[in-house]
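Below is one structure, written out as structure tokens, with a few remarks after it.
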There are 2 protein chains.
Amino acid sequence: MSAKRIVSMCPIEELLVLIGGRWKPVILWWLMSTEKPFRFKILRQSMPRISQKVLTQQLRELERDGLVKREMFPEMPVRVEYSLTAFGRKLRPVLEELDSWAREYLL
Amino acid sequence: MSAKRIVSMCPIEELLVLIGGRWKPVILWWLMSTEKPFRFKILRQSMPRISQKVLTQQLRELERDGLVKREMFPEMPVRVEYSLTAFGRKLRPVLEELDSWAREYLL
DNA sequence: CAGTATCCGAATGGATACTG
DNA sequence: CAGTATCCATTCGGATACTG
């Protein structure tokens, strides 16, 4: 009667809100692959199969959810760099597990 | 000139083809939670937020990709049971990592 | 019980053009 | 350079009704 409504008993559901996007694990994987931030163009070249529009969208969502930091340098021409936030870096073990599983069973 | 075309350097991309569906990790998580197969109805009740159509679709894809086994018993009324294949069970470490991460950071 | 069929709106994807 | 804007086609997802 008074209990909180149970939406789901599966913890993964909440996580999928953050990284469930079609390209988000891939984007995070690239950002995690090095300490250095990625310029937008480099990120784009790293993922030839994602369109510019979708890449921008997914980055905006990752930024909104606190996983990715976007930094803009008002030079000429403009430079924008993407990197993981401290919270985003906490995903490392998750992405590493995905990575090593894929290497073992899918390559 | 003669090299194979490089589609992506990110191994995770291939894995997302298998489990990238909106509900697939959740379905697999439930199927992994016990040794016993799930009847369709129980699976459906476990995930109140997924529609029957989508649940069926995702199960078909998981079946097609060799992760889930579907067994039909022509009784009256019909009984259908879903369980993981041997290959599907290999995903356990991946799902456990997702699960424990979600419990630590999202609950 | 475990679906399929249908309809429909939303989200996604891709190409192209334009901008600060 | 790093986007935004627009158009358009395809796919996805949810609700409802029907079936062996």
Side-chain angles (χ1 to χ4, degrees), chain A residues 5 7-8 10 12-28 30-31 36-65 68-84, chain B residues 5 7-8 10 12-14 16-28 30-31 36-65 67-84:
Chain A
R5 190 168 60 94
V7 173
S8 170
C10 174
I12 293 179
E13 271 199 49
E14 321 300 323
L15 174 54
L16 291 180
V17 174
L18 296 183
I19 63 167
R22 177 71 186 79
W23 289 98
K24 287 179 186 176
V26 178
I27 294 171
L28 294 169
W30 279 104
L31 291 179
K36 296 179 57 176
F38 276 70
R39 296 190 63 157
F40 183 82
K41 187 181 183 183
I42 304 300
L43 215 39
R44 180 125 171 62
Q45 289 170 347
S46 304
M47 294 170 277
R49 298 201 298 201
I50 182 173
S51 68
Q52 181 176 30
K53 189 182 76 172
V54 175
L55 176 56
T56 300
Q57 284 174 353
Q58 303 267 298
L59 282 170
R60 292 287 175 279
E61 291 181 21
L62 289 169
E63 189 190 358
R64 180 202 62 198
D65 293 334
V68 163
K69 188 178 76 175
R70 176 181 187 271
E71 212 171 354
M72 186 172 138
F73 303 88
E75 308 167 347
M76 192 52 123
V78 175
R79 176 165 55 105
V80 177
E81 290 185 349
Y82 291 93
S83 57
L84 296 176
Chain B
R5 191 169 58 94
V7 174
S8 170
C10 174
I12 293 180
E13 271 198 50
E14 321 300 324
L16 291 179
V17 174
L18 296 183
I19 63 167
R22 176 69 185 81
W23 290 98
K24 286 179 186 175
V26 178
I27 294 171
L28 294 168
W30 279 105
L31 291 178
K36 298 179 54 175
F38 276 70
R39 299 190 59 158
F40 183 82
K41 186 181 182 183
I42 305 299
L43 215 40
R44 179 124 171 64
Q45 289 170 348
S46 304
M47 294 169 277
R49 298 201 297 201
I50 183 175
S51 71
Q52 182 176 29
K53 188 184 84 169
V54 175
L55 177 56
T56 300
Q57 283 175 350
Q58 303 267 297
L59 283 170
R60 292 286 175 280
E61 292 182 18
L62 289 168
E63 190 190 358
R64 181 202 64 199
D65 293 335
L67 296 169
V68 162
K69 187 178 76 176
R70 177 181 186 270
E71 213 170 353
M72 185 170 137
F73 304 88
E75 308 168 348
M76 189 54 120
V78 176
R79 177 164 55 105
V80 177
E81 290 186 348
Y82 292 93
S83 57
L84 295 176

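By convention in this document, chain letters (A, B, ...) are assigned in the order of the sequence lines, proteins followed by strands, and residues within each chain are numbered from 1. Scope of the values below: all heavy atoms of this structure, side chains included, with no hydrogens, waters or symmetry mates.
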Give the C-alpha distance, both sets of side-chain angles, the deciding distance and a yes or no for side-chain contact (heavy atoms from CB on, under 4.5 Å) between A:V68 and A:L84. CA-CA 4 Å; A:V68 163; A:L84 296 176; 4.3 Å; yes
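- Note: CE (A:M72) to P (D:dG3) measures 8 Å, nearest angstrom.
- Between the P atom of C:dT12 and the CG atom of A:L59 lies a distance of 14 Å, rounded to the nearest Å.
- Among the heavy atoms of the strands, none lies under 4.0 Å from A:F73.
- In this structure, CD of B:E63 is placed 15 Å from P of C:dA2, rounded to the nearest angstrom.
- Contact annotation: A:Y82 side-chain N/O to D:dC1 OP1/OP2 distance is not under 4.0 Å.
- Ring planes of B:Y82 and B:F40: tilted class, angle from 30 to 60°.
- With a cut-off of 3.5 Å on both Watson-Crick or G-U wobble distances, the partner of D:dG20 is given as C:dC1.
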After noting the C-alpha distance and the side-chain angles of A:V78 and A:M72, does the key distance pass the side-chain contact (heavy atoms from CB on, under 4.5 Å) rule? CA-CA 7 Å; A:V78 175; A:M72 186 172 138; 4.0 Å; yes
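- One atom, NZ of A:K41, and another, C1' of D:dA2, lie 11 Å apart when rounded to the nearest Å.
- Here C:dG3 presents its P atom at 13 Å from CZ of B:R79, a figure rounded to the nearest Å.
- Nearest heavy-atom pair across B:R44 and B:I50 is NH1-O, 2.8 Å.
- Side-chain contact between A:W23 and A:L55: absent, with no pair of heavy atoms (C-beta onward) separated by less than 4.5 Å.
- A sub-4.0 Å separation between OP1 or OP2 of C:dA2 and a side-chain N or O of B:R39 is present.
- Base pairing annotation: D:dG13 forms a Watson-Crick or G-U wobble pair with C:dC8, both donor-acceptor distances under 3.5 Å.
- When both pairing distances are held under 3.5 Å, C:dA15 makes a Watson-Crick or G-U pair with D:dT6.
- The nearest whole Å value for the distance from the CE atom in A:M76 to the P atom in D:dA2 is 13 Å.
- In this structure, CD1 on B:I27 lies 11.5 Å from CD1 on A:I12, to the nearest 0.5 angstrom.
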For nucleotides 4-20 of chain D, 5' to 3', base contacts (B), sugar-phosphate-only contacts (S) and non-contacts (-) with protein non-hydrogen atoms under 4.0 Å give B-BB-----BBB----B
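- Of all heavy-atom pairs spanning A:V17 and A:K24, the tightest one is O-NZ, 4.2 Å.
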